[in-house]
Amino acid sequence: MDNFNYYVAGRRAYFFGGIDGNAENMGWHLKGKMAGFWLDNYRLFSSYSLTLNGKRVSPTGFQNKVSERVVHYPGADLRILAHPERPLIAIRIESRARIEFSLRKELDLVWLEDKPSGNISLKVENRGRDTIVWRECEGMSSFVKVNGEAAVEGDWLKISKKGDLETVIGLGRPGKEDYERYHLEREEYNRRYLPAFQDSIPFWARAGALELFFERDAGCGFVAGLGEFPWWFGVDGVYTCLGLLDTPMLELVGKTIDNLAKFGNGLTPHEVTTAGRIYAHGRMNEIIAFAYLALKYAIKTSKTELLELVDSALSHVSGHLSRKLYPQGEGIVEVPISGEFALLDSACWLYSMLKELRDSSMMKDLKNSQFAAGLLERYDREFLKDWYGKDGFFYDALSPKRGYFEGHFIQIYPLSMGLIQREAGERLLAKMEKIGYFKEPGLIHSLPLKTFEAGDYGEGDKNDIVWSLPTLLAIEAGIRHGRPDLSEKFIASLENSLKREMYGALPEILPAGGCTIQAWNAYAIPLIEHLSIS
(Lines give C-alpha, C1' and ligand atoms only; values in the text may rest on other atoms or scores of the structure.)
Protein backbone atom coordinates (compact mmCIF):
# COMPACT_ATOMS: atom_id res chain seq x y z
CA MET A 1 0.00 0.00 0.00
CA ASP A 2 1.04 3.63 -0.43
CA ASN A 3 2.73 5.22 2.54
CA PHE A 4 0.99 8.09 4.35
CA ASN A 5 1.09 9.75 7.75
CA TYR A 6 -1.27 8.93 10.59
CA TYR A 7 -1.68 9.91 14.22
CA VAL A 8 -3.22 8.98 17.54
CA ALA A 9 -3.63 11.72 20.13
CA GLY A 10 -4.99 12.40 23.60
CA ARG A 11 -4.75 15.36 25.91
CA ARG A 12 -1.20 14.53 27.02
CA ALA A 13 0.22 12.15 24.42
CA TYR A 14 0.41 11.64 20.69
CA PHE A 15 2.12 9.60 18.02
CA PHE A 16 2.56 11.01 14.52
CA GLY A 17 4.43 9.32 11.73
CA GLY A 18 4.25 7.23 8.59
CA ILE A 19 2.06 4.18 8.31
CA ASP A 20 5.34 2.28 7.90
CA GLY A 21 6.48 3.52 11.33
CA ASN A 22 8.95 6.10 10.03
CA ALA A 23 8.86 9.34 12.03
CA GLU A 24 12.28 10.76 11.17
CA ASN A 25 13.02 14.19 9.68
CA MET A 26 9.46 15.53 9.98
CA GLY A 27 8.86 19.13 10.90
CA TRP A 28 10.53 22.46 10.21
CA HIS A 29 9.57 24.48 13.30
CA LEU A 30 11.48 21.91 15.31
CA LYS A 31 13.59 20.62 12.46
CA GLY A 32 13.19 16.90 11.93
CA LYS A 33 11.76 16.38 15.42
CA MET A 34 8.00 16.98 15.31
CA ALA A 35 6.82 13.41 14.74
CA GLY A 36 7.25 10.31 16.89
CA PHE A 37 6.01 9.37 20.36
CA TRP A 38 5.37 12.55 22.35
CA LEU A 39 4.24 12.48 25.98
CA ASP A 40 3.65 15.92 27.47
CA ASN A 41 6.68 17.95 26.35
CA TYR A 42 8.94 14.97 25.71
CA ARG A 43 9.59 13.02 22.54
CA LEU A 44 10.60 9.67 24.01
CA PHE A 45 10.87 7.64 20.80
CA SER A 46 10.75 8.46 17.12
CA SER A 47 10.19 5.59 14.67
CA TYR A 48 9.08 2.00 15.08
CA SER A 49 9.35 -1.20 13.04
CA LEU A 50 7.78 -4.66 13.16
CA THR A 51 9.40 -8.04 12.55
CA LEU A 52 7.50 -11.35 12.45
CA ASN A 53 9.42 -14.62 12.77
CA GLY A 54 12.64 -12.76 12.01
CA LYS A 55 11.37 -11.00 8.86
CA ARG A 56 10.68 -7.27 8.65
CA VAL A 57 7.10 -6.70 7.44
CA SER A 58 5.34 -3.73 5.83
CA PRO A 59 1.71 -2.59 6.25
CA THR A 60 -1.03 -3.85 3.95
CA GLY A 61 -3.99 -1.87 5.32
CA PHE A 62 -5.19 0.73 7.80
CA GLN A 63 -8.36 1.46 9.78
CA ASN A 64 -9.33 4.57 11.71
CA LYS A 65 -11.68 3.28 14.40
CA VAL A 66 -11.92 6.69 16.14
CA SER A 67 -10.78 5.40 19.55
CA GLU A 68 -7.80 3.52 18.09
CA ARG A 69 -5.94 2.97 14.84
CA VAL A 70 -5.36 -0.46 13.37
CA VAL A 71 -2.43 -1.09 11.03
CA HIS A 72 -2.72 -4.39 9.18
CA TYR A 73 0.33 -6.48 8.30
CA PRO A 74 0.60 -9.90 6.66
CA GLY A 75 0.06 -12.11 9.70
CA ALA A 76 -0.48 -9.36 12.30
CA ASP A 77 -2.61 -6.40 13.34
CA LEU A 78 -1.08 -3.47 15.23
CA ARG A 79 -3.59 -1.56 17.38
CA ILE A 80 -2.47 1.76 18.85
CA LEU A 81 -4.19 4.42 20.94
CA ALA A 82 -3.34 7.47 23.01
CA HIS A 83 -4.95 7.60 26.43
CA PRO A 84 -7.52 10.42 26.46
CA GLU A 85 -6.20 12.12 29.61
CA ARG A 86 -2.94 10.50 30.75
CA PRO A 87 0.56 10.80 29.20
CA LEU A 88 0.38 7.27 27.84
CA ILE A 89 0.35 5.45 24.49
CA ALA A 90 -0.69 1.80 24.35
CA ILE A 91 0.03 -0.71 21.58
CA ARG A 92 -1.28 -4.23 21.06
CA ILE A 93 0.10 -6.44 18.28
CA GLU A 94 -2.06 -9.47 17.55
CA SER A 95 -0.27 -12.36 15.83
CA ARG A 96 0.63 -16.03 16.26
CA ALA A 97 4.17 -15.32 15.10
CA ARG A 98 7.27 -14.43 17.07
CA ILE A 99 6.91 -10.64 17.31
CA GLU A 100 9.75 -8.14 17.56
CA PHE A 101 8.62 -4.54 17.89
CA SER A 102 11.44 -1.98 17.82
CA LEU A 103 11.32 1.62 19.07
CA ARG A 104 14.01 4.12 18.14
CA LYS A 105 15.26 6.12 21.13
CA GLU A 106 15.14 9.90 21.04
CA LEU A 107 18.34 11.63 22.10
CA ASP A 108 16.93 15.16 22.51
CA LEU A 109 13.88 14.90 24.69
CA VAL A 110 12.62 18.36 25.51
CA TRP A 111 10.25 20.38 23.33
CA LEU A 112 11.92 23.39 21.72
CA GLU A 113 14.94 23.34 24.02
CA ASP A 114 18.34 24.17 22.61
CA LYS A 115 20.35 21.60 24.52
CA PRO A 116 20.12 17.86 25.12
CA SER A 117 18.16 17.07 28.24
CA GLY A 118 20.62 14.80 30.01
CA ASN A 119 21.36 11.11 30.38
CA ILE A 120 18.77 9.04 28.53
CA SER A 121 20.16 5.57 29.15
CA LEU A 122 17.54 2.85 29.51
CA LYS A 123 17.37 0.40 32.41
CA VAL A 124 15.72 -2.97 31.79
CA GLU A 125 13.98 -4.65 34.75
CA ASN A 126 12.23 -8.03 34.62
CA ARG A 127 9.06 -8.46 36.68
CA GLY A 128 7.72 -11.97 36.24
CA ARG A 129 5.94 -12.13 32.90
CA ASP A 130 6.41 -8.39 32.31
CA THR A 131 9.45 -6.30 31.51
CA ILE A 132 9.78 -2.63 32.40
CA VAL A 133 12.25 -0.30 30.74
CA TRP A 134 12.98 2.80 32.82
CA ARG A 135 14.42 6.13 31.86
CA GLU A 136 15.14 8.84 34.40
CA CYS A 137 16.42 12.32 33.54
CA GLU A 138 16.04 15.79 35.02
CA GLY A 139 13.20 14.80 37.33
CA MET A 140 11.21 13.11 34.56
CA SER A 141 10.52 9.39 34.86
CA SER A 142 9.23 7.39 31.90
CA PHE A 143 8.64 3.72 31.30
CA VAL A 144 7.93 1.13 28.66
CA LYS A 145 6.04 -1.88 30.01
CA VAL A 146 5.72 -5.01 27.87
CA ASN A 147 4.23 -8.46 28.48
CA GLY A 148 7.37 -10.01 27.03
CA GLU A 149 11.10 -9.43 26.74
CA ALA A 150 13.08 -6.24 26.15
CA ALA A 151 16.65 -5.44 25.14
CA VAL A 152 18.53 -2.30 24.17
CA GLU A 153 20.56 -2.53 20.96
CA GLY A 154 22.26 0.69 19.89
CA ASP A 155 19.63 3.36 19.23
CA TRP A 156 16.78 0.85 19.42
CA LEU A 157 14.69 -0.65 22.18
CA LYS A 158 13.58 -4.07 20.99
CA ILE A 159 10.64 -5.76 22.68
CA SER A 160 9.52 -9.24 21.74
CA LYS A 161 7.10 -12.08 22.49
CA LYS A 162 5.67 -15.20 20.89
CA GLY A 163 2.02 -14.38 20.18
CA ASP A 164 0.05 -11.29 21.16
CA LEU A 165 2.28 -8.51 22.46
CA GLU A 166 1.15 -5.52 24.53
CA THR A 167 3.27 -2.52 25.40
CA VAL A 168 2.62 0.77 27.10
CA ILE A 169 4.78 3.90 26.84
CA GLY A 170 4.08 6.33 29.64
CA LEU A 171 5.33 9.00 32.01
CA GLY A 172 5.48 8.39 35.74
CA ARG A 173 5.18 4.89 37.18
CA PRO A 174 3.54 1.84 35.61
CA GLY A 175 0.39 0.33 37.08
CA LYS A 176 -1.96 -2.42 35.98
CA GLU A 177 -1.58 -1.71 32.29
CA ASP A 178 -4.17 -3.29 30.01
CA TYR A 179 -4.86 -2.30 26.41
CA GLU A 180 -8.54 -3.20 26.48
CA ARG A 181 -9.13 -1.15 29.64
CA TYR A 182 -7.47 1.86 28.04
CA HIS A 183 -9.56 1.32 24.93
CA LEU A 184 -12.75 1.38 27.01
CA GLU A 185 -11.60 4.56 28.74
CA ARG A 186 -10.94 6.14 25.35
CA GLU A 187 -14.41 5.18 24.13
CA GLU A 188 -16.03 6.57 27.27
CA TYR A 189 -14.14 9.84 26.82
CA ASN A 190 -15.30 10.03 23.21
CA ARG A 191 -18.92 9.41 24.21
CA ARG A 192 -18.68 12.40 26.56
CA TYR A 193 -17.94 14.76 23.66
CA LEU A 194 -18.94 13.05 20.40
CA PRO A 195 -22.29 11.95 18.95
CA ALA A 196 -22.89 8.41 17.73
CA PHE A 197 -20.55 7.50 14.89
CA GLN A 198 -21.52 8.67 11.44
CA ASP A 199 -19.12 8.54 8.53
CA SER A 200 -19.50 12.23 7.69
CA ILE A 201 -17.51 15.46 7.70
CA PRO A 202 -19.26 16.85 10.82
CA PHE A 203 -18.43 13.72 12.80
CA TRP A 204 -14.80 13.48 11.69
CA ALA A 205 -14.32 17.21 12.23
CA ARG A 206 -15.57 16.80 15.81
CA ALA A 207 -13.39 13.75 16.39
CA GLY A 208 -10.34 15.49 14.97
CA ALA A 209 -10.83 18.57 17.12
CA LEU A 210 -11.22 16.43 20.23
CA GLU A 211 -7.92 14.68 19.56
CA LEU A 212 -6.29 18.07 19.17
CA PHE A 213 -7.32 19.30 22.63
CA PHE A 214 -3.95 19.25 24.40
CA GLU A 215 -3.35 19.70 28.12
CA ARG A 216 0.07 20.51 29.57
CA ASP A 217 1.44 22.12 32.72
CA ALA A 218 1.54 25.40 30.78
CA GLY A 219 -2.14 25.32 29.83
CA CYS A 220 -4.80 23.55 27.77
CA GLY A 221 -6.73 24.18 24.58
CA PHE A 222 -7.17 23.16 20.96
CA VAL A 223 -3.85 23.00 19.12
CA ALA A 224 -3.67 23.78 15.41
CA GLY A 225 -2.78 20.45 13.81
CA LEU A 226 -0.53 17.43 13.44
CA GLY A 227 2.19 16.93 12.62
CA GLU A 228 3.61 20.45 12.06
CA PHE A 229 1.57 22.50 14.55
CA PRO A 230 0.92 20.68 17.83
CA TRP A 231 0.76 23.96 19.74
CA TRP A 232 -1.80 26.68 20.40
CA PHE A 233 -2.63 29.22 17.68
CA GLY A 234 -4.77 32.32 17.87
CA VAL A 235 -6.70 32.39 14.61
CA ASP A 236 -6.76 28.58 14.32
CA GLY A 237 -8.29 28.43 17.78
CA VAL A 238 -10.94 30.96 16.75
CA TYR A 239 -12.17 28.96 13.76
CA THR A 240 -12.01 25.68 15.68
CA CYS A 241 -14.01 27.08 18.56
CA LEU A 242 -16.60 28.86 16.41
CA GLY A 243 -17.37 25.50 14.82
CA LEU A 244 -17.87 23.84 18.22
CA LEU A 245 -20.09 26.37 20.02
CA ASP A 246 -23.17 24.18 19.60
CA THR A 247 -21.54 20.89 20.56
CA PRO A 248 -20.76 19.12 23.86
CA MET A 249 -17.21 20.48 23.48
CA LEU A 250 -18.40 23.92 24.59
CA GLU A 251 -16.49 23.56 27.88
CA LEU A 252 -13.29 22.91 25.88
CA VAL A 253 -14.02 26.07 23.89
CA GLY A 254 -14.09 28.00 27.17
CA LYS A 255 -10.79 26.49 28.27
CA THR A 256 -9.21 27.39 24.94
CA ILE A 257 -10.36 31.00 25.25
CA ASP A 258 -8.98 31.22 28.79
CA ASN A 259 -5.70 29.66 27.70
CA LEU A 260 -5.08 32.03 24.80
CA ALA A 261 -6.14 35.04 26.85
CA LYS A 262 -3.70 34.06 29.59
CA PHE A 263 -0.73 33.89 27.25
CA GLY A 264 -1.58 37.16 25.51
CA ASN A 265 -2.66 39.06 28.64
CA GLY A 266 -6.12 39.38 27.13
CA LEU A 267 -4.97 39.56 23.51
CA THR A 268 -4.47 36.23 21.82
CA PRO A 269 -0.95 35.30 20.67
CA HIS A 270 -0.39 34.03 17.15
CA GLU A 271 1.53 30.92 18.21
CA VAL A 272 2.44 29.58 21.62
CA THR A 273 4.11 26.21 22.15
CA THR A 274 2.60 23.70 24.52
CA ALA A 275 5.67 24.23 26.70
CA GLY A 276 4.42 27.79 27.21
CA ARG A 277 6.76 29.72 24.93
CA ILE A 278 5.20 32.48 22.82
CA TYR A 279 6.55 31.80 19.35
CA ALA A 280 4.84 34.83 17.76
CA HIS A 281 2.57 37.56 19.07
CA GLY A 282 -0.96 38.10 17.81
CA ARG A 283 -1.73 39.69 14.47
CA MET A 284 -4.37 42.38 14.26
CA ASN A 285 -6.93 40.18 12.54
CA GLU A 286 -6.72 37.39 15.11
CA ILE A 287 -6.81 39.78 18.06
CA ILE A 288 -10.19 41.03 16.80
CA ALA A 289 -11.35 37.55 15.72
CA PHE A 290 -10.50 36.23 19.19
CA ALA A 291 -12.57 38.99 20.80
CA TYR A 292 -15.45 38.06 18.45
CA LEU A 293 -15.17 34.45 19.62
CA ALA A 294 -15.15 35.54 23.28
CA LEU A 295 -18.29 37.58 22.61
CA LYS A 296 -20.07 34.65 20.95
CA TYR A 297 -19.09 32.44 23.89
CA ALA A 298 -20.34 35.05 26.38
CA ILE A 299 -23.68 35.21 24.56
CA LYS A 300 -23.92 31.42 24.50
CA THR A 301 -23.07 30.93 28.18
CA SER A 302 -24.14 34.27 29.73
CA LYS A 303 -20.60 34.64 31.09
CA THR A 304 -20.42 38.40 30.72
CA GLU A 305 -16.98 38.52 32.36
CA LEU A 306 -15.66 37.50 28.93
CA LEU A 307 -16.53 41.00 27.73
CA GLU A 308 -13.24 42.08 29.30
CA LEU A 309 -11.56 40.42 26.31
CA VAL A 310 -13.73 42.45 23.94
CA ASP A 311 -12.78 45.62 25.80
CA SER A 312 -9.09 44.69 25.61
CA ALA A 313 -9.32 44.22 21.84
CA LEU A 314 -11.19 47.50 21.35
CA SER A 315 -8.58 49.35 23.42
CA HIS A 316 -5.87 47.83 21.23
CA VAL A 317 -7.71 48.64 18.01
CA SER A 318 -8.36 52.25 19.00
CA GLY A 319 -4.66 53.07 18.65
CA HIS A 320 -4.24 51.40 15.26
CA LEU A 321 -6.97 52.77 13.01
CA SER A 322 -6.44 53.92 9.43
CA ARG A 323 -7.94 57.06 7.93
CA LYS A 324 -10.94 54.90 7.01
CA LEU A 325 -11.13 53.65 10.63
CA TYR A 326 -9.99 50.16 9.67
CA PRO A 327 -7.63 48.26 12.00
CA GLN A 328 -4.06 48.44 10.75
CA GLY A 329 -1.68 45.53 11.11
CA GLU A 330 -0.97 42.13 9.68
CA GLY A 331 -4.00 40.11 8.65
CA ILE A 332 -4.70 36.49 7.81
CA VAL A 333 -1.93 36.52 5.22
CA GLU A 334 1.23 38.45 4.60
CA VAL A 335 0.47 40.97 1.87
CA PRO A 336 3.82 42.51 0.87
CA ILE A 337 2.33 45.76 -0.45
CA SER A 338 0.74 48.65 1.39
CA GLY A 339 -2.82 49.85 1.08
CA GLU A 340 -6.12 49.85 2.92
CA PHE A 341 -7.32 46.82 0.93
CA ALA A 342 -4.94 44.60 2.89
CA LEU A 343 -7.01 45.35 6.01
CA LEU A 344 -10.19 43.75 4.69
CA ASP A 345 -10.30 40.66 6.90
CA SER A 346 -9.55 42.67 10.05
CA ALA A 347 -12.23 45.22 9.12
CA CYS A 348 -14.76 42.43 8.54
CA TRP A 349 -14.03 40.83 11.91
CA LEU A 350 -14.43 44.18 13.64
CA TYR A 351 -17.65 45.08 11.84
CA SER A 352 -19.10 41.63 12.61
CA MET A 353 -18.17 41.96 16.28
CA LEU A 354 -19.72 45.42 16.53
CA LYS A 355 -22.96 44.19 14.93
CA GLU A 356 -23.00 41.21 17.31
CA LEU A 357 -22.59 43.57 20.27
CA ARG A 358 -25.59 45.58 19.09
CA ASP A 359 -27.77 42.57 18.30
CA SER A 360 -27.02 40.91 21.66
CA SER A 361 -27.61 44.15 23.62
CA MET A 362 -24.19 43.70 25.24
CA MET A 363 -22.75 46.95 23.88
CA LYS A 364 -23.88 48.79 27.01
CA ASP A 365 -21.90 46.41 29.25
CA LEU A 366 -18.55 47.43 27.75
CA LYS A 367 -16.13 49.92 29.23
CA ASN A 368 -15.51 51.00 25.64
CA SER A 369 -19.22 51.16 24.79
CA GLN A 370 -19.11 54.75 23.53
CA PHE A 371 -16.15 54.05 21.25
CA ALA A 372 -17.75 50.84 19.95
CA ALA A 373 -21.10 52.53 19.27
CA GLY A 374 -19.48 55.39 17.38
CA LEU A 375 -17.37 53.02 15.30
CA LEU A 376 -20.40 50.88 14.46
CA GLU A 377 -22.33 53.95 13.32
CA ARG A 378 -19.45 54.91 11.02
CA TYR A 379 -19.17 51.35 9.65
CA ASP A 380 -22.91 51.15 9.01
CA ARG A 381 -22.68 54.35 7.03
CA GLU A 382 -19.43 53.83 5.11
CA PHE A 383 -18.35 50.17 4.96
CA LEU A 384 -20.51 49.30 1.96
CA LYS A 385 -19.50 52.49 0.20
CA ASP A 386 -15.90 51.40 0.42
CA TRP A 387 -16.83 48.02 -0.97
CA TYR A 388 -19.09 49.14 -3.80
CA GLY A 389 -18.05 52.70 -4.56
CA LYS A 390 -16.28 53.61 -7.78
CA ASP A 391 -13.34 54.82 -5.72
CA GLY A 392 -13.49 51.87 -3.34
CA PHE A 393 -10.09 50.60 -2.34
CA PHE A 394 -11.02 46.91 -2.25
CA TYR A 395 -10.81 44.71 -5.32
CA ASP A 396 -13.38 45.97 -7.87
CA ALA A 397 -15.72 43.05 -7.38
CA LEU A 398 -18.65 44.40 -9.36
CA SER A 399 -16.83 45.98 -12.28
CA PRO A 400 -14.72 44.60 -15.14
CA LYS A 401 -12.16 47.26 -14.36
CA ARG A 402 -9.05 46.07 -12.54
CA GLY A 403 -8.83 47.71 -9.13
CA TYR A 404 -6.11 48.40 -6.64
CA PHE A 405 -6.00 44.93 -5.21
CA GLU A 406 -4.57 42.15 -7.32
CA GLY A 407 -6.72 39.32 -6.12
CA HIS A 408 -6.39 37.60 -2.77
CA PHE A 409 -8.79 35.20 -1.06
CA ILE A 410 -9.45 37.70 1.77
CA GLN A 411 -12.11 39.29 -0.43
CA ILE A 412 -14.30 36.29 0.49
CA TYR A 413 -14.63 37.68 4.05
CA PRO A 414 -17.47 40.20 3.48
CA LEU A 415 -19.40 37.39 1.78
CA SER A 416 -18.76 34.67 4.34
CA MET A 417 -19.67 37.04 7.18
CA GLY A 418 -22.83 38.27 5.47
CA LEU A 419 -21.75 41.92 5.30
CA ILE A 420 -22.95 42.63 1.75
CA GLN A 421 -26.30 42.08 0.04
CA ARG A 422 -27.13 38.67 -1.34
CA GLU A 423 -27.46 39.76 -4.99
CA ALA A 424 -24.12 41.56 -4.96
CA GLY A 425 -22.47 38.60 -3.28
CA GLU A 426 -23.81 36.27 -5.94
CA ARG A 427 -22.33 38.49 -8.66
CA LEU A 428 -18.99 38.61 -6.89
CA LEU A 429 -18.83 34.81 -6.55
CA ALA A 430 -19.55 34.50 -10.27
CA LYS A 431 -16.74 36.91 -11.06
CA MET A 432 -14.28 35.15 -8.76
CA GLU A 433 -15.22 31.89 -10.45
CA LYS A 434 -14.65 33.37 -13.91
CA ILE A 435 -11.29 34.92 -13.01
CA GLY A 436 -9.99 31.61 -11.66
CA TYR A 437 -10.18 31.75 -7.87
CA PHE A 438 -11.93 28.41 -7.63
CA LYS A 439 -10.15 25.21 -8.50
CA GLU A 440 -11.76 21.80 -8.33
CA PRO A 441 -10.82 21.27 -4.66
CA GLY A 442 -11.70 24.78 -3.44
CA LEU A 443 -10.61 28.42 -3.10
CA ILE A 444 -6.99 29.20 -3.94
CA HIS A 445 -4.77 31.41 -1.80
CA SER A 446 -4.23 34.10 -4.48
CA LEU A 447 -4.27 34.60 -8.19
CA PRO A 448 -0.72 33.88 -9.44
CA LEU A 449 0.61 37.37 -9.91
CA LYS A 450 4.02 38.87 -10.40
CA THR A 451 3.16 41.61 -7.93
CA PHE A 452 2.33 39.13 -5.21
CA GLU A 453 4.82 36.31 -4.98
CA ALA A 454 3.93 34.32 -1.89
CA GLY A 455 7.01 32.13 -2.28
CA ASP A 456 7.53 28.41 -2.41
CA TYR A 457 5.38 26.29 -0.16
CA GLY A 458 6.40 22.68 -0.19
CA GLU A 459 6.59 21.56 -3.78
CA GLY A 460 4.45 24.36 -5.19
CA ASP A 461 3.67 28.05 -5.20
CA LYS A 462 1.67 29.23 -2.20
CA ASN A 463 -0.49 31.29 -4.57
CA ASP A 464 -1.78 28.14 -6.25
CA ILE A 465 -2.51 26.08 -3.17
CA VAL A 466 -6.06 25.29 -2.10
CA TRP A 467 -6.27 25.66 1.67
CA SER A 468 -9.14 24.12 3.56
CA LEU A 469 -9.85 27.30 5.56
CA PRO A 470 -10.49 29.63 2.57
CA THR A 471 -12.56 26.81 1.09
CA LEU A 472 -14.70 26.70 4.23
CA LEU A 473 -15.22 30.46 3.91
CA ALA A 474 -16.24 29.94 0.28
CA ILE A 475 -18.75 27.29 1.40
CA GLU A 476 -20.21 29.80 3.85
CA ALA A 477 -20.31 32.50 1.18
CA GLY A 478 -22.14 30.16 -1.18
CA ILE A 479 -24.74 29.41 1.49
CA ARG A 480 -25.32 33.11 2.17
CA HIS A 481 -25.33 34.29 -1.44
CA GLY A 482 -27.40 31.89 -3.49
CA ARG A 483 -24.69 29.48 -4.61
CA PRO A 484 -25.51 26.16 -2.93
CA ASP A 485 -23.98 24.45 -5.96
CA LEU A 486 -20.59 25.96 -5.13
CA SER A 487 -20.96 25.02 -1.46
CA GLU A 488 -21.92 21.45 -2.28
CA LYS A 489 -19.03 21.12 -4.74
CA PHE A 490 -16.51 22.13 -2.07
CA ILE A 491 -18.13 19.92 0.56
CA ALA A 492 -17.66 17.03 -1.87
CA SER A 493 -14.00 18.08 -2.08
CA LEU A 494 -13.72 17.83 1.72
CA GLU A 495 -15.30 14.39 1.61
CA ASN A 496 -12.74 13.34 -0.98
CA SER A 497 -9.95 14.63 1.27
CA LEU A 498 -11.25 12.45 4.11
CA LYS A 499 -10.36 9.41 2.04
CA ARG A 500 -7.13 10.49 0.38
CA GLU A 501 -4.56 9.64 3.07
CA MET A 502 -5.46 8.91 6.67
CA TYR A 503 -9.15 8.08 6.47
CA GLY A 504 -11.17 10.45 8.63
CA ALA A 505 -8.55 13.21 8.88
CA LEU A 506 -9.37 16.59 7.33
CA PRO A 507 -6.06 18.08 6.16
CA GLU A 508 -4.72 21.61 6.04
CA ILE A 509 -4.33 21.74 2.23
CA LEU A 510 -6.77 20.11 -0.21
CA PRO A 511 -7.00 17.46 -1.42
CA ALA A 512 -4.03 16.25 0.68
CA GLY A 513 -1.15 18.26 2.10
CA GLY A 514 0.21 20.32 4.94
CA CYS A 515 -0.84 19.01 8.34
CA THR A 516 -2.52 15.61 8.11
CA ILE A 517 -5.20 16.98 10.42
CA GLN A 518 -6.08 20.63 10.98
CA ALA A 519 -8.43 21.62 13.81
CA TRP A 520 -9.87 24.68 12.04
CA ASN A 521 -11.88 22.27 9.87
CA ALA A 522 -14.34 22.08 12.78
CA TYR A 523 -15.65 25.32 11.26
CA ALA A 524 -17.30 23.07 8.65
CA ILE A 525 -19.67 21.53 11.22
CA PRO A 526 -22.38 24.24 11.42
CA LEU A 527 -22.07 25.01 7.69
CA ILE A 528 -22.74 21.44 6.60
CA GLU A 529 -25.43 20.90 9.21
CA HIS A 530 -27.13 24.09 8.01
CA LEU A 531 -27.18 22.78 4.44
CA SER A 532 -28.52 19.42 5.64
CA ILE A 533 -31.39 21.12 7.50
CA SER A 534 -32.12 23.35 4.51
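From a predicted model like this one, the values you see are computed outputs, not experimental measurements.
Applying the salt bridge (charged side-chain N to carboxylate O under 4.0 Å, His left out) test to pairs two or more places apart or on separate chains, none has a residue in residues 256-267. Under the side chain to side chain donor-acceptor pair (under 3.5 Å) criterion, the residue pairs touching residues 517-527 are Asp236-Gln518, Ser468-Trp520, Ser468-Asn521, Glu476-Tyr523, with sequence neighbours excluded.
Side chain of Ser160 to main chain of Glu100: no donor-acceptor pair is present (N/O by atom type, distance under 3.5 Å, no hydrogens or angles). A distance-only check finds a donor-acceptor pair linking the side chain of Ser416 to the backbone of Tyr413 [under 3.5 Å]. Side-chain N or O atoms of Asn147 include none that pairs as donor or acceptor with a backbone N or O of Thr167 at under 3.5 Å. For Asp164 (side chain) and Ser95 (main-chain N/O), a donor-acceptor pair under 3.5 Å exists by modelled atom type. Checking side-chain atoms of Ser497 against main-chain N and O of Ala512 turns up no donor-acceptor pair under 3.5 Å. At least one donor-acceptor pair closer than 3.5 Å links the side chain of Glu177 to the backbone N or O of Gly175. Remark: the backbone N or O of Asp130 is not paired with any side-chain donor or acceptor of Lys145 at under 3.5 angstrom. Using a distance-only test at 3.5 Å, with no hydrogens or angles considered, no donor-acceptor pair links the side chain of Trp349 to the main chain of Tyr292. A donor-acceptor pair under 3.5 Å is formed between the side chain of Thr240 and the backbone N or O of Ala519. Between the Asn53 side chain and the Arg98 main chain, a donor and an acceptor come within less than 3.5 Å of each other.
Atom CD of Glu308 has 12 or fewer heavy atoms from other residues, nucleotides or ligands within 6.0 Å. Heavy atoms from other residues, nucleotides or ligands lying under 6.0 Å from NZ of Lys65 number 12 at most. The environment of CD in Glu85 is crowded: more than 12 heavy-atom neighbours from other residues, nucleotides or ligands sit within 6.0 Å. Asp485 CG: more than 12 foreign heavy atoms inside a 6.0 Å radius. Atom CG of Asn3 has more than 12 neighbouring heavy atoms from other residues, nucleotides or ligands inside a 6.0 Å radius.
In this pair, Phe229 and Trp231 present their aromatic rings tilted. The plane angle is within the 30 to 60° band. Classification of the Phe101-Tyr48 ring pair by plane angle, with boundaries at 30° and 60°, yields tilted. Relative orientation of the Tyr179 and His183 rings is parallel, given thresholds of 30° and 60° on the angle between their planes. Taking the six-membered ring for Trp and thresholds of 30 and 60 degrees, Tyr182 and His83 have ring planes more than 60 degrees apart, a perpendicular arrangement. A tilted orientation is assigned to the rings of His29 and Tyr279, their planes being inclined by 30° to 60°.
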Stepwise side chain to side chain donor-acceptor pair (under 3.5 Å) test for Asp199 and Tyr503:
CA-CA 10 Å; Asp199 193 6; Tyr503 193 99; 2.5 Å; yes
I'd like to know whether Val8 forms a side-chain contact (heavy atoms from CB on, under 4.5 Å) with Tyr14, so could you lay out the CA-CA distance, the side-chain angles of the two residues, the decisive distance to 0.1 Å, and finally the verdict.
CA-CA 5 Å; Val8 291; Tyr14 72 86; 6.0 Å; no
Between Thr51 and Ile99, is the side-chain contact (heavy atoms from CB on, under 4.5 Å) condition met? List the steps.
CA-CA 6 Å; Thr51 298; Ile99 299 169; over 6 Å; no
Between Phe233 and His270, does a side-chain contact (heavy atoms from CB on, under 4.5 Å) hold up when you go through it step by step?
CA-CA 5 Å; Phe233 270 62; His270 177 57; 4.2 Å; yes
Steps toward side chain to side chain donor-acceptor pair (under 3.5 Å) verdict (Thr131, Glu149):
CA-CA 6 Å; Thr131 301; Glu149 303 168 353; over 6 Å; no
In sequence, state the C-alpha distance, the side-chain angles, and the governing distance for Leu245 and Val253, and then conclude on side-chain contact (heavy atoms from CB on, under 4.5 Å).
CA-CA 7 Å; Leu245 284 172; Val253 169; 4.1 Å; yes
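With salt bridges taken as basic N to acidic carboxylate O contacts below 4.0 Å, none links Asp77 and Arg92. Taking a cutoff of 4.0 Å between a charged side-chain nitrogen and a carboxylate oxygen, Glu188 and Arg192 do not qualify as a salt bridge. The existence of a salt bridge linking Glu106 and Lys33 is confirmed by a sub-4.0 Å separation between a basic side-chain nitrogen and an acidic carboxylate oxygen. The existence of a salt bridge linking Arg79 and Glu68 is confirmed by a sub-4.0 Å separation between a basic side-chain nitrogen and an acidic carboxylate oxygen. Electrostatic pairing of Lys105 and Asp155 does not count as a salt bridge here, judged by no charged N lying under 4.0 Å from a carboxylate O.
Smallest separation of non-hydrogen atoms from Ala23 and Ser46: CB-O, 3.7 Å.
Stacking of Arg216 on the aromatic ring of Phe214 is recorded, both the 6.0 Å distance cut-off and the 45° axial limit being met.
A donor and an acceptor atom, one from each side chain of Thr268 and Glu286, are nowhere located under 3.5 Å apart. For the 3.5 Å distance criterion, the side chains of Arg69 and Asn64 qualify, holding a donor opposite an acceptor. Checking Glu125 against Trp134 by side-chain atom types alone, a donor-acceptor pair falls below 3.5 Å.
Atom CG of Leu194 sits about 8.0 Å away from atom CZ of Arg206, to the nearest 0.5 Å. From Leu103, atom CG reaches atom CG of Leu44 across 10.0 Å, with rounding to the nearest 0.5 Å.
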